[in-house]
Amino acid sequence: MLPAAGEPAAGDSWGLLACLCTVLWHLPAVPALNRTGDPGPGPSIQKTYDLTRYLEHQLRSLAGTYLNYLGPPFNEPDFNPPRLGAETLPRATVNLDVWRSLNDKLRLTQNYEAYSHLLCYLRGLNRQAATAELRRSLAHFCTSLQGLLGSIAGVMAALGYPLPQPLPGTEPTWAPGPAHSDFLQKMDDFWLLKELQTWLWRSAKDFNRLKKKMQPPAAAVTLPLEAHGF
Amino acid sequence: MALFSVSQTAFLLAFLSLRTYQSEGLSEPLPWAPESLKVSVNTTCQCLHLQWTVHNLAHHQEFRMVFQIEISRIKTSNVIWVENYTTTVKWNQVLHWSWESKLPLECAKHFIRMRSAVDAAKTPGPRVWSSWSSWEEADVQNSLGQDPLFIFPKDKLVEEGSNVTICYVSKSHQNNISCYLEGVRMQGEQLDPNVSVFNLNHVAFIRETGTNIYCKPGQGDGIKGTVLFVSKVLQEPKDFSCETQDFMTLNCTWDPGSDTGLLKQLSQSYTLFESFSGKKTLCKPKSWCLWQVAPESQDMYNFTLTAENYLRKRSVHLLFNLTHRVHPMAPFNILFKNVSATSATMTWKVHSIGKYYTLLCQVELYGEGKVTQHNVSVKVDGAHLFSGLEPDTEYLAQVRCANGDYFWKWSEWTHQNFTTAEAAPSEAPDVWRNVKTVQGRCVVTLFWKPLSKPQAHGKILFYNIVIEYLDRTSVSEVLSIPAPASGTELPLNQCSSQIRITASNSVGTSPASVLVVSREPGNEEVEEERVKGTEDGFPLSWNPQPRHVTGYLVEWCEQPRDPPCDLQWKNLGPNVTSTVVSSDAFRPGVRYNFRIYGISTERVPYLLARKTGYSQELAPSDNPQVVMTNLTSHSFTLSWKNYSTESQTSFIQGYHVYLKSKAGRCHSGSEKAVLSDDVVCCKYKIDNPEQKTFVVENLQPESFYEFLVTPYTSVGEGPHDAFAKVTTPDEYSPTLIRILLPTVFCILLIMITCYLKSQWMKEKCYPDIPDPYKSSVLSLIKSKENPHLTIMNIKDCVPDSIEVLNKQEGTRKSLTETESTKPTYLYLLPTEKRYSSPGPCICFENFTYNQAASDSASCGHVPVPPKAPPSQLGLLTSPENLLKALEKNYMNSLGEIPAGETSLNYVSQLASPMSGDMSNLPTNPPEPALCSEYKMQMAIPLGLASPPSSGSSSLSSITLLDEGEHYH
């Protein structure tokens with residue numbers, strides 16, 4: 001008696017099992033799945049993102065203390081002076097379309113350059129702080145910011161981007177000239193903290209965007225199997 | 001001398017020529033007028049700097065001249081400063097003068113001019129001035145730049161309490177510029193249309209980063225500001241002092257006062273300068289500095305300490321001899337040698353300050369709450385012998401040293417503890433006893449107090465007890481009780497014995513305490529006396545004894561209410577006849593008993609006196625538990641035998657018996673008393689505290705009384721709370737009871753007898769009534785006429801109407817002629833109501849009526865069972881079925897009547913209210929109330945139940961009733 005249509009014969013069942021075993025045997029050799037050795041830039045982007053959020057939180061406390069140290073009007077919540085004399089500070093605000101159109105390399109390079117400059121200015125701020133407690137807080141924040149810079153450099157290295165080299169003579173310096181009044185200096189300090197806060201906020205957005213971009217699509221793995229035994 | 005005369009001559013010639021010029025007219029200028037006046041501005045110090053020359057001076061010519069300088073602000077006519085500057089002028093000399101402006105120079109233009117005169121203070125007459133120079137203008141505003149708004153001064157540093165003037169210069173001609181000091185708006189005055197000035201008086205220090213002053217124009221978001229750095233005023237260093245510990249370095253210290261550091265200015269610096277050596281050192285710490293002592297044995301030092309900041313400099317001086325400023329280091333390496341029970345030797349070392357110096361050391365010893373102090377001179381090592389110490393005692397020894405040649409300061413203390421060695425106890429233990437006889441044997445309980453620390457001289461390890469029997473019949477016994485026991489119980493072989501108790505520590509044994517126990521119990525007949533306690537204790541006194549005593553002893557229990565009463569005793573000397581016994585354990589309201597013994601020379605104690613008392617008497621808190629007996633209509637007896645007068649909170653003096661009654665009358669022996677709640681009652685007083693019964697008399701029969709027995713003492717009565725209640729009985733009730741009880745007993749006896757003999761009583765008093773069913777008449781009727789006849793029970797039927805028949809004599813009509821018969825009903829009862837409920841319908845078999853005369857239809861009414869199912873009813877609707885049913889029912893009715901079918905056994909005797917429509921039967925079953933009316937009281941003969949020929953005349957009760965006539 002012939003087997004009914006649609007019912008696999010006993011021999012077909014064995015063939016299916018053999019096929020399944022073959023597939024499992026070859027799974028480690030599939031290049032798309034063999035990613036245990038190199039996790040890619042994803043984790044380091046996540047860590048950098050986490051670090052920016054932590055620094056945002058840390059800066060909120062530090063800025064409050066420092067602006068009280070400067071006194072009014074700098075510690076007033078609605079104080080928004082014109083950005084005079086702070087032109088050397090890297091500007092974090094950018095047009096939204098421009099920001100969207102940035103490629104990964106440019107985005108990371110801008111972050112790296114900005115924090116390099118800001119860290120330098122912040123160290124100058126630390127040097128002139130009068131109270132020991134404030135100096136301690138600033139030093140701690142500088143260490144954290146140095147860590148963020150290293151983290152960004154790590155992400156760039158993982159993605160194969162070179163670190164931007166500072167042009168000779170463009171090293172940011174913290175040397176207020178004699179014509180620079182103390183009031184303007186306080187204004188610069190205010191803008192440094194404000195710009196730093198904006199940069200950390202922007203970096204969180206930048207790394208969140210990068211993180212989403214670097215996540216591999218879950219259903220995109222295809223197995224180039226050969227149909228042996230079918 | 002020649003040179004002096006020449007110069008004097010030249011001066012006089014010049015002066016005379018000047019006078020000549022002046023006298024000739026003012027039009028001619030003075031030859032030594034200031035020329036080439038130049039004004040420069042230093043905005044950092046807000047200073048105007050002037051320089052000029054004086055021409056026409058001869059070579060080597062010198063004059064002392066006065067230059068009058070005028071400074072105007074904004075315009076030349078507004079002179080704000082005039083100053084005469086006097087100086088000696090030489091040939092070809094450029095003169096300088098500076099002026100510091102309170103107002104920032106950027107805020108306004110300034111104009112300066114000057115004139116000169118020869119300083120001729122020694123010469124009489126008015127001063128001759130040269131003509132004024134032309135106005136020189138100092139204007140910084142032109143060089144400010146293009147900014148629309150400026151604030152001045154820029155970042156100025158001032159001392160706290162200074163007055164500062166701030167201004168702003170607006171180049172945009174805005175008038176609504178507002179300026180703020182630390183967020184608070186300032187009010188200023190307008191100097192000119194573009195310049196406003198703000199005067200800040202007595203500025204205060206706010207923070208290191210300075211005081212922020214800023215201005216904002218009304219429009220736009222521009223902001224301009226300046227920081228005013230206000231420094232605290234630099235203070236002179238206080239308590240400047242230098243000393244050495246080792247002749248190598250000098251340690252100079254001072255109190256720096258407040259820190260004047262700012263963001264713009266470092267904190268003040270301190271410099272130490274020694275004038276003899278000419279050396280100077282910058283002290284980095286703010287409050288101390290180390291100075292290396294010169295090796296060439298410099299003795300005298302003259303120090304100048306200078307504090308300096310940007311604004312001020314302050315100095316203090318100190319001159320001293322180095323040997324007078326020696327502060328030795330603390331001694332070290334303290335050791336104790338040869339530590340015995342009463343002495344110890346302490347040694348220590350000191351840091352050397354040179355072989356030529358002697359140290360004075362102070363030794364202190366703390367122990368047993370005392371301090372002893374000794375001074376010892378020391379070169380290198382110190383030693384001191386402590387004597388007269390207490391054995392087994394911890395001491396603290398400490399030592400400090402100072403320069404013995406010139407005292408400056410003591411060193412720090414160095415201290416060490418040590419403990420002296422133990423010694424044998426110095427005192428015999430304080431022992432007392434309690435003797436009792438158990439089963440003929442003397443048992444003595446010994447108590448002793450632990451030796452105090454000064455007596456024990458070490459840790460007491462055990463107590464030795466030696467019992468020596470006085471009659472020498474028994475061998476002495478030796479016991480050792482380990483510490484810290486404070487007593488023991490000893491059964492004695494014989495009562496007469498001497499007991500010796502000693503205490504031992506690791507070194508030796510104490511002297512012995514001796515007690516003699518005799519069989520004689522002592523003078524137990526001594527009468528007890530009362531003693532009144534005070535806050536200080538119980539004052540006890542006794543009579544001096546005629547015989548010789550070695551001392552007295554007072555014994556008492558501190559916890560008299562508890563079984564182990566905590567026996568206490570107090571030893572007193574032989575000459576003492578009174579004492580005060582005090583203890584923290586004494587409590588108010590507790591009775592303490594004291595026994596006073598005299599101790600004979602043979603160490604035998606004998607009882608002298610007994611005292612009892614309270615440290616403080618308290619009012620009784622409880623009343624006696626009273627038992628009432630012998631209640632009669634006129635009296636009752638109260639008894640409180642269990643009440644102990646000894647264990648109360650005060651001495652019981654007697655009792656009060658309170659009696660409350662409605663009558664309110666008090667008989668003799670009682671008095672009226674008003675209680676705290678205004679209740680009036682009678683009070684009986686019992687003066688003897690041992691009288692614990694009382695008879696309350698003179699009461700009224702059948703009356704309600706309340707009574708209370710309460711003790712009274714010197715401090716008050718017991719509580720008036722719980723009155724007991726009693727009602728006196730009726731006077732006659734005992735007599736009544738004597739009559740009633742036998743009567744009731746007799747009645748009961750009769751009733752029981754009757755019950756037991758009830759059958760006999762029944763037979764005799766009310767025999768049984770004859771039963772009709774058992775009558776012989778019934779069997780006679782049945783056999784003769786109708787075998788179906790039976791006797792009806794009358795009680796089952798209730799006659800409600802009497803039917804009167806109009807019967808014609810002599811005619812007997814057939815069944816078809818019964819229509820002419822007109823029955824008449826006389827209602828006896830309201831039948832409708834009475835028979836509205838289902839019940840048996842009974843037809844009387846009335847033998848007085850003719851059977852033929854009965855209406856054929858009168859009993860044709862067949863009632864339907866109230867709850868008959870429709871099927872059964874359906875059967876009944878057909879004539880055949882109905883006939884069968886009737887036959888059956890009728891047959892049943894002649895026999896035994898089943899209980900459940902009673903309604904079917906009888907022909908209905910009432911007119912049915914229903915219509916004759918048979919079709920309504922299944923759906924509307926007839927109500928059982930249909931039997932409420934009699935129609936014919938006869939049973940239907942079997943032959944009459946045959947169906948009629950026409951269908952319309954069916955045997956329904958309704959049809960029958962409609963056809964027949966009946967009367968209501």
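Below, each value reflects all heavy atoms present in this structure, side chains not excepted, and no hydrogens, waters or symmetry copies. So that the names make sense, note that chain A is the first sequence line, chain B the second, and so on, each numbered from 1.
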B:E182 versus chain A, the contacting section by heavy-atom distance below 4.5 Å: both
Pair A:R91 + A:E195, salt bridge at N-O below 4.0 Å: no
Under 4.5 Å from any heavy atom of chain A - which part of B:Y180: neither
Segment of A:N68 engaging chain B (4.5 angstrom heavy-atom cut-off): backbone
Distance-only side-chain donor-acceptor flag, B:K102 / B:N163, under 3.5 Å: no
Pair A:F74 + A:F79: ring centers closer than 6.0 Å: yes
Under 4.5 Å from any heavy atom of chain A - which part of B:I213: backbone
Any donor-acceptor pair under 3.5 Å from B:W254 side chain to B:C289 backbone: no
